[in-house]
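Written out below as structure tokens is the structure these notes cover.
Both ligands and their constituent atoms are indexed starting at 1 by order of listing.
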Amino acid sequence: MADSGLPHRPKPEETPEAAAAPAAEGAGGPSKNALKKAAKEKAKAEKAAQRAAQEKAQAAAQTADDTAKDLYGKIPKTEDAVPVTRVKELSEDLYEKEVTVVARVDNARVQSAKLAFLMLREQGTKIQAVVAAAEPISRQMVKWTGGLSVNTIVQVTGIVKKPGVPVSSATLSNLELHIRKVYVIAEAAQMLPMQVKDAERPPPEGADEGQLDSEGTPLVTLKTRLDNRVLDLQTETSQAITWISSGVAQLFAEYMIKSGSRWISTPKIAGAASEGGSNVFEIKYFKRNAYLTQSPQLYKQMCIAGDMENVFEIAPVFRAEDSNTHRHLTEFTGLDFEKTFRHHYHEVLEFAEDLLVFILSELKVRYKDQIAVIQKSYPKAGDFRLPKNGKALRLKYMEGLALLKEAGVDVSEQERFENDFTTAMEKQLGQIIREKYDTDFYVLDKFPMSVRPFYTKADPEDPTFSNSYDFFMRGEEIMSGAQRINDVKELEDSMRAKGLDPNQEGFEDYLSAFRQGCPPHAGGGLGLNRIVMFFLGLPNVRQATLFPRDPQRLRP
Ligand code: AMO
């Protein structure tokens with residue numbers, strides 16, 4: 001033992017007391033039994049050491065004569081440069097060709113001493129790989145490959161073959177990779193909190209953990225999936241859904257930019273809760289309090305006052321609503337726009353209707369592969385109905401109300417303009433419109449002034465109503481918008497009528513934007529998460545949100 005530099009501490013048997021003490025076993029020395037036991041222990045230890053040495057020698061010999069020792073294991077530097085083919089690009093054209101892929105191990109199993117299977121998964125696309133012991137592939141390589149832990153990222157080189165029978169559990173069921181080399185790029189922990197393959201099917205309706213399907217396979221609840229979102233994102237369905245979300249944002253930006261709109265970024269921290277209402281998050285801001293913005297509403301209008309004419313934003317929107325429903329989040333992605341018009345707010349309404357028709361019809365074309373994947377779990381994903389003539393169906397609020405009344409719905413509160421439609425009414429109206437007009441996307445225009453925010457312009461012909469509109473998909477709201485009041489006097493009166501004080505902190509900058517003159521304008525705010533959810537017919541908005549935030553959830 002190396003000198004530790006610490007003062008020597010005598011072991012118990014080295015102390016003077018120990019030297020003076022009589023031997024524990026009595027004056028005649030250790031008993032026969034004790035001697036026998038000690039001899040037995042010694043023999044056992046010798047045997048174990050012998051066995052370990054033998055195993056070590058055997059392993060060394062095996063490695064020495066392992067014909068495949070360079071064909072598997074940790075990835076060698078030389079393999080880094082090998083060109084890689086994407087799994088989803090593999091096809092029957094590559095039969096008998098050698099390819100290299102990088103993928104996760106979805107499943108690994110040893111069939112026999114000479115045969116093992118890997119299911120490989122790259123962004124949800126699966127292909128089966130086989131490793132069989134035959135020169136130069138060794139039994140050791142087969143055993144090692146079949147023992148890889150699930151989710152490990154591997155680089156596999158192999159020959160593309162046609163399997164004897166199609167591999168029904170693989171996405172590429174008519175292809176099989178016959179492994180030549182397999183190297184580990186990043187190893188996964190042995191125990192994962194959730195199996196990605198168990199999350200491939202939709203979650204059960206109830207929240208109870210431990211549910212099994214009729215074949216005894218675990219059903220993973222939405223809560224477990226969201227708790228382990230990184231694993232959940234690896235499923236084929238989540239991969240496809242996240243592509244649709246990306247597509248909605250891209251198509252929104254594409255349409256806006258094509259129309260000459262400017263991409264803006266407005267603050268999410270504000271000094272006052274100026275949009276009113278209690279659904280605002282208060283935060284600590286150095287020595288004072290601040291608020292997270294509930295929408296870019298006031299700022300997008302201030303940009304119009306700043307002569308920007310046509311603006312849009314894609315950004316988080318915060319709502320401190322304790323709503324625990326399938327469609328409410330406390331943070332969502334808002335797609336907002338604001339635009340000037342010349343003669344009538346319908347110029348902007350039409351612009352927004354064409355925007356939605358563009359997004360929804362382009363999604364169907366550009367993301368048809370992803371939609372087909374999602375449809376396997378959520379059959380409604382592929383059946384979103386758009387108006388045949390490419391023009392949005394637009395009804396007046398009162399026409400919608402009449403359709404509900406005709407269907408026997410009690411709309412007396414709505415007729416008295418006391419309340420907006422309830423969620424149940426909106427859904428029923430969606431059904432009626434689908435049957436009558438064969439579309440899942442429609443617009444209601446001219447809402448009662450009483451149910452809209454202070455910045456909404458009243459209908460000059462009948463001020464009971466307003467120049468405001470909501471957009472619906474499958475009977476649920478995805479957008480709100482309106483012509484805005486652009487005259488400062490009218491704006492202050494409207495604030496007072498809604499019980500707001502124009503002199504309240506936070507309104508001065510907004511109001512002064514109008515004092516120096518602001519052109520007529522209108523706009524709207526869309527919820528990206530809801531568009532994805534309703535387009536695909538998903539049961540819950542959390543499935544259309546990367547890392548959802550709701551009153552119960554602040555992680556991951
Ligand atoms: P509104 O409050 O109606 O309007 O919001 C606009 C759109 O945002 C989405 N949305 C939500 N999505 C998920 N969870 C929520 N809690 C949630 N709340 C709203 C919906 C909704 O249609 N300033 C106005 C817009 C405007 O007039 O331009 C506004 O924010 O899809």
Under 3.5 Å donor-acceptor, Arg229 side chain and Leu546 backbone:
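Yes, the answer is positive, given that a donor and an acceptor are paired below the 3.5 Å cut-off.
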
Is it the case that the side chain of Thr125 and the backbone of Val87 share a donor-acceptor pair, with hydrogens and angles ignored and the cut-off at 3.5 Å?
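The answer is no, because no donor-acceptor pair under 3.5 Å joins these two groups.
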
For ligand 1, the portion of [X] having any non-hydrogen atom under 4.0 Å away:
{"X": "Arg484", "value": "side chain"}
{"X": "Arg319", "value": "side chain"}
{"X": "Tyr455", "value": "side chain"}
{"X": "Glu338", "value": "neither"}
{"X": "Arg327", "value": "backbone"}
{"X": "Met479", "value": "backbone"}
{"X": "Ser480", "value": "both"}

Donor + acceptor pair across side chains of Arg327, Asn529 (<3.5 Å)
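There is no such pair between these side chains.
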
Quick check: does [X] get an N/O under 3.5 Å from an N/O on ligand 1?
{"X": "Phe332", "value": "no"}
{"X": "Leu329", "value": "yes"}
{"X": "Gly527", "value": "yes"}

When you look at CD of Gln516, are more than 12 heavy atoms from neighbouring residues, nucleotides or ligands closer to it than 6.0 Å?
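Counting neighbours around CD of Gln516, more than 12 heavy atoms of other residues, nucleotides or ligands fall under 6.0 Å, so yes.
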
If you take the centroid of each ring, where Trp contributes its six-membered ring, are [Y] and [X] closer together than 6.0 Å?
{"X": "Phe351", "Y": "Phe358", "answer": "no"}
{"X": "Phe252", "Y": "Phe312", "answer": "yes"}
{"X": "Phe507", "Y": "Phe454", "answer": "yes"}
{"X": "Tyr397", "Y": "Phe421", "answer": "yes"}

Just to check, does Gly524 reach to within less than 4.0 Å of ligand 1 when the distance is taken from its heavy atoms?
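It does; at least one heavy atom falls under 4.0 Å.
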
Can you tell me if Gln294 contacts ligand 1 (heavy atom of the residue under 4.0 Å from the ligand)?
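No.
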
What residue and atom, counting heavy atoms only, is the protein's closest point to [atom], and at what distance?
{"atom": "atom 31 (O) of ligand 1", "value": "Ile478 O, 2.9 Å"}
{"atom": "atom 20 (C) of ligand 1", "value": "Arg530 NH1, 3.6 Å"}
{"atom": "atom 21 (C) of ligand 1", "value": "Glu477 OE2, 3.2 Å"}
{"atom": "atom 26 (C) of ligand 1", "value": "Gln297 OE1, 3.2 Å"}
{"atom": "atom 6 (C) of ligand 1", "value": "Gly525 O, 3.3 Å"}

What pairs with Lys364 under side chain to side chain donor-acceptor pair (under 3.5 Å), at least two apart in sequence or on another chain?
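Not a single residue meets the side chain to side chain donor-acceptor pair (under 3.5 Å) criterion with Lys364.
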
Under the criterion side-chain contact (heavy atoms from CB on, under 4.5 Å), which of Met533, Arg366, Gln370 is the partner of Ile244?
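Among Met533, Arg366, Gln370, the one meeting side-chain contact (heavy atoms from CB on, under 4.5 Å) with Ile244 is Gln370.
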
Under 4.0 Å to a heavy atom of [X] - the qualifying atoms of ligand 1, by number:
{"X": "Lys300", "result": "26 (C), 28 (O)"}
{"X": "Gly481", "result": "27 (O)"}
{"X": "Glu321", "result": "16 (N)"}

Sidechain N-carboxylate O distance under 4.0 Å for Arg474, Asp383
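Looking at Arg474 and Asp383, the cut-off is met.
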
Does the pair Lys446/Asp459 count as a salt bridge with the N-to-O cut at 4.0 Å?
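Here Lys446 pairs with Asp459 in a salt bridge, since their nearest N and O are under 4.0 Å apart.
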
